[in-house]
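Heads up: numbering here begins at 1 and tracks the sequence. Only a predicted model underlies this, so the values are computations on that prediction, with no experimental measurement involved.
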Amino acid sequence: MEPLPDEHNAIVNMDMHLEPVYLGEQINNNAETPPSKRRKKKSIVWEYFTIETVSAGCRRACCKECKQSFAYSTGSKVAGTSHLKRHIANGGCAHVLKNLHLDPLTPFSAPSQIANNSAGPTTDTPKRRYRTASVPYAAFDSDCCRQEIAHMIIKHDYPLHIVEHPWFIAFLRNLQPSFDMVNFSTVQGDCIATYLGEKQRIQSLIEGMPGRMCLTLDLWTSCQTTGYVFVTGQFVDSEWKIHRKLLNVVMEPYPESDSAFSHAVSACLSDWNMEGRLFSLTINQPLSQVGTDSLRSLLSEKNQQILGGQLLLTHCLARSLSSIAQEAFNASQEIVKKVRDCVKYVKTSEVLEEKFLELMQQLQVPSMKTLALDDQTRWNTTYEMLLAASELKEVFSCLDTSDPDYSKGPTVEEWKHVENLCTCLKLLFETANLLTSSTIPTTNTFFHEAWKIQLELARAATSEDPTINTIAKPMQANFDAYWKSCCLILAIAVVMDPRFKMKLIEFSFSKIYGEDAASFINLVDEGIHQMFLEYVGGIEGNVNQEDAAGLGLTDFDMYIMETTSMTMQISSLRMESPQSKRLPPWVRLRLA
């Protein structure tokens, strides 16, 4: 049995000082250990930053490129390097981007990594990477911000003094501290510069347009009775795109004068160098006969060869429809008020509205309409209210007997009057929806709607029903004023449509004017020929007469005339055949 080890026979000397030995390290036999050194900084940010001692215990990191300093350490507290990485990785240092010729819209990477990627594979140990922002970097542009402020003020009608409001200034400073705030005078100059730049762009479009300009005039009167005429231009550019631009706002001290609109048109033509390029005028304000004659003479003077000033529209279709509908409501205002009060009684209480819906289900009313109060400034909402109420009149009648608090609604005769009123206004409502569609309606589309309204109102005005006759006669008289003012222009636009040409004019005018249709058709035909001659005269200077004579198309023109005449004879035979008489008028028109 072996003895237990003690201090006299110990295998290992207990007083021996043991040192740990690590793999890959050499044993240092020196008795004295060197003083501990600071750990070497391995972060990639120190390629771009140096540490500067600001005061005792306070050190800051300074960018080698832009010389901007950042907090690093205070006493024993170290701030870290995350904010230094963001300064480089997010492109905060403009000098780094400039030296590397980087596109500001591309994500930024560390320069050493870019160099390695461009030089191909390398044997050097890749340095540690850190995450970069996934959002593309956009360099801050002070001039661009000023321009956007000007656009914001113009677009939203903000006052120029908004740039001097304290909370607006505070917002911008928190958003971008390096932005130099602008004052009233500066932003005023930026807005004027934006206006001049946009005007130059539109001027280039107008100079390059192949056709003519159509102007629309509106009037706004301030509380000081000073008038401002808004001149809007519509034209087609060289790429066949329709443009609608507000060209001028002309101040008129006396807007009620007969020459106010003529002066605004002359100022616009002079400002945009459009002498001799005016095609038509449309005014959306009631105008005296003297004022109308003044505009017509101006249009004839500026556009001598096109219909002698007849392309003047003193009535807007949308305004005409609104005026006609409002007058119809005013003529029946007592009945309309009764219906409005009934709808208001139901819609202002959730309990009553639920009760109304229960009665509607019990009576099994087939209508899918829902009640809604109207906006009295918008006639289409009044029409929709009356139409829904008339379809639910049975429910209102039951509500009259079941609810003691419900005031007496319209009588049977009054409901009948509401139905007739909605019938007369239906076509106007459908046309108004077409005008407010997202697409831009063209003039030939207006003709289809206008002539149907003219025809239906004329029929309703001669109805044997006294209620319909009473409602329709004033409407027909008001719409007739619009029709007489605009039918020539609308008809010419339809003739330009290759689907219809003169055939639709002959068909519609025969329905409207009856035996007197021939004289009105001749007016349209003469207007078309006059416009064609003006068009030919406008392009004569661009066509060499010798080249035109050498085209050899005379025989072809004769052939076209002969085939057209033969086609018309065949069409007339088709129209007179017994089979074609059974077809609807529109089908017979297409056969022709």
Side-chain angles (χ1 to χ4, degrees), residues 206 208-215 233-242 274-282 296-313 442-448 450-451 483-510 513 517-569 571 589 592:
I206 294 175
M209 70 177 182
R212 295 175 178 268
M213 177 72 67
C214 300
L215 297 181
Q234 296 92 14
F235 62 95
V236 179
D237 63 10
S238 56
E239 297 180 357
W240 289 93
K241 294 181 180 179
I242 299 177
M274 291 191 300
E275 297 291 341
R277 308 194 69 179
L278 180 61
F279 183 74
S280 67
L281 284 175
T282 303
R296 197 180 303 278
S297 61
L298 175 64
L299 181 61
S300 179
E301 176 186 351
K302 302 294 183 181
N303 195 4
Q304 299 178 0
Q305 299 179 352
I306 300 183
L307 301 180
Q310 296 186 65
L311 297 180
L312 172 63
L313 285 78
T442 51
T443 310
N444 58 326
T445 308
F446 293 164
F447 180 83
H448 304 319
W451 85 265
W483 177 255
K484 289 180 179 178
S485 171
C486 306
C487 68
L488 176 61
I489 298 176
L490 300 181
I492 290 175
V494 168
V495 175
M496 298 297 180
D497 192 333
R499 298 173 298 174
F500 305 108
K501 300 182 179 179
M502 284 294 295
K503 292 297 182 180
L504 181 58
I505 302 301
E506 296 169 359
F507 174 78
S508 57
F509 279 21
S510 62
Y513 298 110
S519 59
F520 293 97
I521 294 174
N522 289 334
L523 289 176
V524 177
D525 186 69
E526 291 175 1
I528 287 290
H529 282 80
Q530 186 175 348
M531 292 184 64
F532 174 75
L533 293 177
E534 189 275 337
Y535 171 75
V536 173
I539 64 173
E540 279 183 353
N542 299 327
V543 179
N544 192 334
Q545 296 297 328
E546 295 181 359
D547 294 341
L551 292 177
L553 297 178
T554 305
D555 295 337
F556 177 74
D557 294 338
M558 294 297 297
Y559 168 76
I560 291 295
M561 294 177 63
E562 292 174 359
T563 54
T564 302
S565 176
M566 185 179 299
T567 303
M568 293 179 63
Q569 294 177 4
S571 300
L589 177 63

[Y] and [X], any side-chain heavy atoms less than 4.5 Å apart:
{"X": "Met502", "Y": "Ile521", "result": "yes"}
{"X": "Thr282", "Y": "Leu215", "result": "no"}
{"X": "Phe279", "Y": "Gln234", "result": "no"}
{"X": "Glu526", "Y": "His529", "result": "no"}
{"X": "Met274", "Y": "Phe235", "result": "no"}

*For the side chain of Arg212 and the backbone of Gly276, is there at least one donor-acceptor N/O pair under 3.5 Å apart?*
yes
*Side-chain donor/acceptor of Ser300 to backbone N/O of Arg296, under 3.5 Å*: no
*For Lys501, all residues meeting salt bridge (Lys or Arg N to Asp or Glu O under 4.0 Å), sequence neighbours excluded*: none
*salt bridge (Lys or Arg N to Asp or Glu O under 4.0 Å) against Asp525, all qualifying residues, sequence neighbours excluded*: none
Please report the shortest heavy-atom distance between [X] and [Y], naming the atom on each side.
{"X": "Leu299", "Y": "Leu312", "result": "CD2-N, 3.9 Å"}
{"X": "Phe447", "Y": "Ala491", "result": "CD1-N, 3.9 Å"}
{"X": "Gly208", "Y": "Ser238", "result": "O-CB, 3.7 Å"}
{"X": "Ile206", "Y": "Met209", "result": "O-CG, 3.0 Å"}
{"X": "Leu490", "Y": "Ala450", "result": "CD1-CB, 4.0 Å"}

*Listed by chain and number, what are the side-chain contact (heavy atoms from CB on, under 4.5 Å) partners of Ile489, not counting sequence neighbours?*
Leu311, Leu313
When rounded to the nearest 0.5 angstrom, what distance separates [atom1] in [X] from [atom2] in [Y]?
{"X": "Leu504", "Y": "Arg499", "atom1": "CG", "atom2": "CZ", "result": "9.5 Å"}
{"X": "Phe520", "Y": "Ser510", "atom1": "CZ", "atom2": "OG", "result": "13.0 Å"}
{"X": "Cys214", "Y": "Leu278", "atom1": "SG", "atom2": "CG", "result": "8.0 Å"}

*Would you please classify the geometry between the Phe507 ring and the Trp451 ring as parallel, tilted or perpendicular, with 30° and 60° separating the classes?*
perpendicular
